[in-house]
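I have placed the structure first, in the form of C-alpha cells, so that the comments after it can refer back to it.
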Amino acid sequence: MAEEAKAKGNAAFSSGRFEEAISHFSDAIALAPSNHVLFSNRSASYASLHRYNEALNDAQKTVELKPDWAKGYSRLGAAYVGLGSFDDAVDAYKKGLAIEPSNEGLKAGLADAQASAARASRPQPSSPFGNIFQGPEMWAKLTADPTTRGFLQQPDFVSMIQDIQRNPKNLNLYVSDQRMMQTLGVLLNVKMRTADDMEAEAAESGSRSKSPEEEPPRAELEPMELPEEEDDSKKRKAEAQKEKEAGNAAYKKKDFETAIQHYTKALELDDEDISFLTNRAAVYLETGNYEDCIKDCDKAVERGRELRSDFKMIARALTRKGTAFVKLAKSSKDYDIAIETFQKALTEHRNPDTLKKLNEAERSKKELEQQEQYDPKLADEEREKGNDMFKQQKYPEAVKHYTEALRRNPKDPRVYSNRAACYTKLGALPEGLKDAEKCIELDPSFAKGYTRKGAIQFFMKEYDKALETYQEGLKHDANNTELIDGVRRCVEQINKTNRGEISADELKERQAKAMQDPEIQTILSDPIMRQVLTDFQENPRAAQEHLKNQHVMQKIQKLVSAGIVQMR
C-alpha cells in the first residue's frame, strides 16, 4: 500500500535514515505515481544527502503534478540552492509565494537564496593556484603525503577543499589557514614556509653561538605595542562578553527587558559572535515575541555562515527558530515550516534535543490533521461501503474504504477488525496482525479482535501464540464459539507436532520461522534452558524434576509447538 510505504518513509526520514526513506518513498511512488506529496518527500530526502540533482528532478515532478501547491516550489528552491543556482532558487520561492504569500518557509527560503546570490555576485580576486585542486589525483597526493593525510579526517578541511573545487577564486579565503599552506606545498611539490617553520628557524638561529667579533652591537629595543585598532577591538570584544554575561544573569532572573538590552549592547560591540543573537532570540521566544526570535535566528545563521562558525551554533539557531514556528503553529495550524527547520538543524548537527522537538512537531501535525479530518458519520458510511465490498469479495476496494473510515475516525475498533479480515484474505498477514492488535488495544473486551488475531497467528503456523490469543479472548467472552473452536484447532496442531505427525517440509518451515522469533531465541540462549533440554535427552531423573516447574514447562511447550524439540 502506498500509504504504508509513505508512513515508513516519513518515520525513516524523521530518524535521519535518509537512504531508507528514499527506498520507501520510491516504493510508494511505484504504487501511486501521480501522488505529488511522495515526490516532494523524496526530494527532501535527496536534499538531506546533498544529492541535489535527484532532489531537483523530484521537485520539478512535484510542481508538474501539483502546480498550485506552494510546498513544491519550496522543494524546488532548496534543490536549486544546493546546486548553487541561486537565481533559479529565487524564482522558485517567488512563484511559491505568489500562491501562498503568508508561507513563512518560502519567505525564509527566499531570503536565504537572495543572500547567497548576493554573496556569489561579489567580485573576488582570482587565484593562480585554483586549478591544482581539480582532478582525482589531488586527493591521492594529499592521502599519500603524511603531512596532509590527517587533514582529510577533518570535516571543515574537506569542506574547504570542496569549496575551492567549486570556485577556485575562493582559495584566497583560506590562505591564512596553516593547513592550506601545507596543502599547497604538497600539491605544488615545494616546501612552503609556515609560521611554525619561521619560529623554528628563529629559535635555531638564536641558539647558534657567535664570536665577539661576529656579535653586532645591540640596539635598545622599545617595548612592543599593539596597533591602536587591534587593541581597541580586543577591548570591545571583552566588553561584549561582559554584556553577554549580564544578559545571561538577567535572563535567569526573568528580567527579560534588561537581558535584551545587554545582548543588544553586546551585538553593537562585537558582531562576530552569533551567540549574542541566539541568546536574544531565546529571550524573544520566552516573551512570546516569535517574529523577532525568527529574525534573530535568521541573522545568526547568515552571519554564522559568513564567519564559518561552529555547526553546533548554526544548528542551535535553527532549532530555536523551529521552536518559534511551533509556537506560531498553535494559531496558524502550519507545522510544516517548523518541521523543515528542525530537519535543517539536524543536517548541521544531530542533537537529541532537536530530534525530540522534530518528533513532537510531527506528532502535533498528525494530531491536528486527525482532528480536522474527524467525521464519525462519514466514517460509518465508509465502513458500510467496505462491508459491501467485503461481501462481494472485492478485498482491495474494501481495504480502501476501511482506511478512509479510519482516517475519519481512528478510534473505531470495528474498522480495524474488518480491515484485518481483508488483509487476511489478501494474504497480507503482518498487516492484518497489526490491525487486530490495534483493535484489541482500543477495546480489550471486543471478542472479534481476538478471533482475528488468533486466526492470523494460526495461518502463520504460530499455534502456541494463537492458543494464548484465543484463551485471552475467552476471559472476556467465555461462551464465544469462534474462540472455543480456535482453541480446539490449536491444540490439535500442537498435539500433531508432539506426535511427529507433520511432514518434514512443514517441520523445517516451522523451525525456520521459529528461529526468527525473538522469544524463541531468548529461550534457546538461556543457559538454564539449555541445561533443561540436555537433561531431557540424557538425564531422565532430572527431567522429571523439571516437569514439576510450570514456568519451565511453558517454555518447553513453546519449543515443542515451534518444532524445535520433540517430546518422547
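Quantities reported herein were computed from a predicted structural model and do not represent experimental measurements.
Across all non-hydrogen atoms, the minimal contact from Cys439 to Gly449 is SG-CA, 3.7 Å. For the pair Tyr402 and Arg383, the tightest heavy-atom approach, listed with the atom from each and the gap, is CE2-O, 3.5 Å. The two atoms that bring Ala89 and Ala113 nearest to each other are CB-CB, 4.0 Å, heavy atoms only. When all heavy atoms of Thr62 and Gly72 are compared, the pair lying nearest together is CG2-CA, 3.8 Å. Between Ala338 and Gly322, the shortest heavy-atom distance links the atoms CB-O, 3.7 Å. Contact detail for Pro410 and Leu442: the closest heavy-atom pair is O-CD1, 4.0 Å.
Of the possible donor and acceptor atoms, one in the side chain of Arg303 sits under 3.5 Å from a partner among the backbone N and O of Asp271. Judged by distance alone, with hydrogens and angles left aside, the side-chain atoms of Tyr93 form a donor-acceptor pair with the main-chain N or O of Ala78 at under 3.5 Å. Under a 3.5 Å cut-off, the side chain of Thr341 and the backbone N or O of Ile337 do form a donor-acceptor pair. At least one donor-acceptor pair closer than 3.5 Å links the side chain of Arg75 to the backbone N or O of Ser40. Tyr263 places a side-chain N or O within 3.5 Å of a backbone atom of Asn248 that can act as its donor or acceptor partner.
Once rounded to the nearest 0.5 Å, the distance linking CG of Asn289 with NZ of Lys327 reads 14.0 Å. Interatomic distance, CZ of Arg280 versus SG of Cys297, reported as 10.5 Å (0.5 Å rounding). A distance of 12.0 Å separates CG in Leu318 from CG in Asn351, rounded to the nearest 0.5 Å. Rounded to the nearest 0.5 Å, atoms CG (Asn359) and CD1 (Ile339) are 10.0 Å apart. Atom CD1 in Ile161 sits 4.0 Å away from atom CE in Met180 (nearest 0.5 Å). One distance of note links CG of Asp310 with NE2 of His349; it measures 8.0 Å at 0.5 Å rounding.
Residues Leu97 and Leu110 meet the side-chain proximity criterion, which asks for heavy atoms closer than 4.5 Å. Residues Arg51 and Glu19 meet the side-chain proximity criterion, which asks for heavy atoms closer than 4.5 Å. Using a 4.5 Å heavy-atom threshold, the side chains of Asp88 and Leu83 count as separate. A heavy-atom distance below 4.5 Å is not found between the side chains of Asn57 and Phe39. Here the side chains of Leu106 and Lys95 are not in contact, with every heavy-atom distance at 4.5 Å or above. Using a 4.5 Å cut-off on side-chain heavy atoms (C-beta onward), Val37 and Asn41 make contact. Using a 4.5 Å heavy-atom cutoff, the side chains of Ile22 and Leu49 are in contact. Counting heavy atoms from C-beta outward, Val326 and Lys357 have side chains that stay 4.5 Å or more apart.
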Q.
Test side-chain contact (heavy atoms from CB on, under 4.5 Å) on Asp58 and Phe25; report intermediate values, then the result.
A. CA-CA 11 Å; Asp58 275 357; Phe25 289 136; over 6 Å; no
- [ ] List the steps, then state whether side-chain hydrogen bond (donor to acceptor under 3.5 Å, both in side chains) holds for Asn409 with Glu382.
- [x] CA-CA 10 Å; Asn409 182 9; Glu382 289 294 331; over 6 Å; no
- Query: Would Lys400 and Glu404 count as a salt bridge (Lys or Arg N to Asp or Glu O under 4.0 Å) if you check the C-alpha gap in whole Å, the side-chain angles of each, and the deciding distance to 0.1 Å?
  - Reply: CA-CA 6 Å; Lys400 289 181 181 179; Glu404 178 62 21; over 6 Å; no
For this session: Given side-chain contact (heavy atoms from CB on, under 4.5 Å), test Glu272 with Lys237 step by step and report yes or no.
Result: CA-CA 9 Å; Glu272 294 186 350; Lys237 287 180 181 294; 3.4 Å; yes
Worksheet entry | Test log, rule side-chain contact (heavy atoms from CB on, under 4.5 Å), inputs Tyr284 and Ile260 | CA-CA 8 Å; Tyr284 286 138; Ile260 288 174; 3.5 Å; yes
Practice task
Please step through side-chain contact (heavy atoms from CB on, under 4.5 Å) for the pair Leu358 and Leu346, ending with a clear verdict.
Solution key: CA-CA 9 Å; Leu358 170 61; Leu346 288 170; 3.6 Å; yes
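Looking at Lys8 and Glu4, a side-chain N of the basic residue comes within less than 4.0 Å of a carboxylate O on the acidic one, giving a salt bridge. Taking a cutoff of 4.0 Å between a charged side-chain nitrogen and a carboxylate oxygen, Lys365 and Glu362 do not qualify as a salt bridge. Looking at Lys438 and Glu441, a side-chain N of the basic residue comes within less than 4.0 Å of a carboxylate O on the acidic one, giving a salt bridge. Residues Arg236 and Glu239 are not paired through a salt bridge, judged by the lack of any N-O separation under 4.0 Å between the basic side chain and the carboxylate.
Environment of CG in Asp87: sparse, with no more than 12 heavy atoms of neighbouring residues, nucleotides or ligands closer than 6.0 Å. Around the NZ atom of Lys107, the shell of radius 6.0 Å holds more than 12 heavy atoms that belong to other residues, nucleotides or ligands.
Aromatic rings from Tyr251 and Phe256 are positioned such that their centres are separated by under 6.0 Å.
The ring pair (Phe, Tyr, Trp, His ring centres under 6.0 Å) test applied to Phe18 returns Phe13, not counting sequence neighbours. Judged as a side-chain contact (heavy atoms from CB on, under 4.5 Å), and not counting sequence neighbours, the contacts of Val63 are Tyr73, Leu76.
Residue Leu269 forms a side chain to side chain contact (heavy atoms under 4.5 Å, CB included) with just one option from Glu243, Lys244, Lys242, and that option is Glu243.
Between His36 and Trp69, the two ring planes are perpendicular [angle over 60°; tilted spans 30° to 60°].
Gln182 and Asp145 share no side-chain donor-acceptor pair at under 3.5 Å.
Applying the side chain to side chain donor-acceptor pair (under 3.5 Å) rule to pairs touching residues 312-321 yields Asp298-Lys321, Thr319-Thr354, sequence neighbours excluded.
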